[in-house]
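Some notes on the structure that comes next.
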Amino acid sequence: THFGYKTVNKDEKEKLVGGVFSSVASNYDVMNDAMSLGIHRLWKSHFINRLDAGMRPGSSRPLDFLDVAGGTGDIAFGLLDHAESRFNDISSTMTIADINADMLAEGKNRFQSTKWNDGSDRVNFLVQNGETMDQIEDNSKDVYTIAFGIRNFTNIQAGLDTAYRVLRPGGIFACLEFSQVDNPVIDYVYQAYSFSLLPLMGQLIANDRDSYQYLVESIRNFPKQEEFKGMIEKAGFYVPEKGYENLTFGVASIHIGVKL
Ligand code: SAM
């Protein structure tokens, strides 16, 4: 397009994704804030509140959470905070999985200073590819979350199939991801911003133009809301009526699926 968009093939993609996240791990928050003008924080807290997950008083057992592409732990720690403050749930478990050891190391680092670092083994970290997750058993999780991660998968459908595999019947799949803007005027402005300003910001803030160029392209290549919803259904999930919620005109969206 006139914004200088170019494509990457699948093999290049896996290598690129590894490099991108190793390179951004340490200044990840700064970059996220800059890129989304701080809005990613609002999206994440909305995502967590909307899920409203936690062990309800009187229920028979704690929940097993799995946060995939969990990176720095934003979503995982947010979910644990929510479960405690809303439901007094201090026993559900959390597994944070990410393919990139550097991102996970950053998450572990942050974990040290959270209150969840209480000597219990409720929270654990796993280097895993979300497409396969060999170390996670079938039917073993209650809540599967993934935020801004799945668009980096080489095979997104395999990731969704795996989500279905690891969830127990009754388990919830919830995904927060960049999506497609539904209004043409806003989309024009957004495309102009992301294709010209974002790589420049990447260069200025992180001295890394290419990684941010890749991020922009990965957002552009990600399936539209309806198509992604179809992929979730194809994996076997029941998707409730509308199936997704657009945030900020569809710059991001939340998709939900239930394993029946
Ligand atoms: N969920 C965190 C958040 O919202 O702040 C991190 C999102 S970060 C943009 C994307 C993460 O996806 C990176 O940590 C990257 O290593 C991870 N990732 C990419 N491909 C993956 C895969 N195939 N399996 C698991 N994680 C993957």
Side-chain angles (χ1 to χ4, degrees), residues 8 10-36 38-48 51 65-80 94-111 114 125-136 141 143-163 165-166 173-179 194 198 202 206 208 211-219 221-222 247 251-255:
V8 203
K10 293 280 181 194
D11 281 349
E12 282 172 325
K13 181 167 177 176
E14 202 159 315
K15 226 172 66 206
L16 237 149
V17 170
V20 167
F21 289 108
S22 291
S23 130
V24 300
S26 53
N27 50 25
Y28 181 72
D29 281 347
V30 181
M31 222 31 243
N32 260 347
D33 282 336
M35 281 175 52
S36 74
I39 295 171
H40 76 108
R41 292 175 190 273
L42 302 179
W43 292 337
K44 284 173 179 171
S45 61
H46 178 74
F47 180 64
I48 288 163
L51 255 178
F65 287 91
L66 172 63
D67 185 43
V68 179
T72 52
D74 265 20
I75 299 293
F77 305 145
L79 285 165
L80 289 173
M94 173 65 70
T95 300
I96 304 172
D98 199 291
I99 199 172
N100 187 305
D102 292 329
M103 286 294 285
L104 216 51
E106 189 66 29
K108 274 187 197 164
N109 217 359
R110 291 180 194 195
F111 173 69
T114 68
F125 295 83
L126 260 188
V127 176
Q128 283 277 273
N129 186 342
E131 291 171 28
T132 47
M133 295 212 283
D134 336 307
Q135 290 178 61
I136 308 277
K141 302 294 175 191
V143 182
Y144 176 118
T145 49
I146 183 161
F148 305 114
I150 205 161
R151 73 172 189 285
N152 301 298
F153 286 20
T154 306
N155 185 341
I156 293 169
Q157 189 65 55
L160 295 171
D161 295 348
T162 299
R165 176 181 72 73
V166 300
F173 165 84
C175 174
L176 171 62
E177 187 52 273
F178 287 109
S179 224
S194 57
L198 282 187
D208 182 0
S211 291
Y212 288 91
Q213 179 75 33
Y214 159 76
L215 289 179
V216 171
E217 288 170 13
S218 69
I219 293 169
N221 285 334
F222 192 69
L247 309 177
V251 171
S253 68
I254 294 174
H255 282 76

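Sequence positions, counted from 1, serve as the residue numbers for this chain. As the structure lists them, so they are numbered: ligands from 1, and atoms in each ligand from 1.
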Please confirm whether [X] comes within less than 3.5 Å of ligand 1 when only nitrogen or oxygen atoms on both sides are compared.
X      : value
Arg151 : no
Gly71  : no
Gly149 : no
Ala69  : yes
Asp98  : yes

Does [X] reach the side chain of [Y], with side-chain heavy atoms less than 4.5 Å apart?
X      : Y      : result
Met133 : Leu66  : yes
Thr95  : Lys141 : yes
Tyr214 : Asn152 : yes

request  = Only heavy atoms count here, so choose which of Thr72, Ile99, Ile75 is nearest to atom 27 (C) of ligand 1.
outcome  =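 Going through Thr72, Ile99, Ile75 one by one, Ile99 has the nearest heavy atom to atom 27 (C) of ligand 1.
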task = Check Lys44 against ligand 1 and report side chain, backbone, both or neither, counting heavy atoms closer than 4.0 Å.
result =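 Answer for Lys44: side chain.
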query = Has the side chain of Ser211 got a donor or acceptor atom that lies under 3.5 Å from a matching backbone atom of Asp208?
reply =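 Flag not set: sc Ser211 to bb Asp208 has no pair under 3.5 Å.
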query = Counting N and O atoms only, with roles assigned by atom type, does the side chain of Gln128 sit under 3.5 Å from a partner on the main chain of Asp134, one being a donor and the other an acceptor?
reply =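 Side chain of Gln128 to backbone of Asp134, a donor-acceptor pair under 3.5 Å: yes, one is there.
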Could you list the atoms of ligand 1 found under 4.0 angstrom from a heavy atom of [X]?
X      : answer
Met103 : 14 (O)
Asn152 : 10 (C), 19 (C), 20 (N)
Phe148 : 4 (O), 7 (C), 8 (S), 9 (C), 10 (C)
Asn129 : 22 (C), 23 (N), 24 (N)

request  = Please report the closest heavy-atom contact between Arg165 and Ile136, naming both atoms and the distance.
outcome  =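 Result for this residue pair: NH1-O, 2.9 Å.
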task = Might you point out which heavy atoms bring Tyr144 and Ala163 nearest each other, and give the distance in Å?
result =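 That would be CE1-CB, 3.4 Å.
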ask   = So, does Gln128 sit close enough to ligand 1 that a heavy atom of it is under 4.0 Å from the ligand?
value =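 Within the 4.0 Å threshold, so yes.
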key: Rounded distance [0.5 Å steps], NE2 in His255 versus CG in Leu160   =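 Reported to 0.5 Å precision, the distance equals 10.0 Å.
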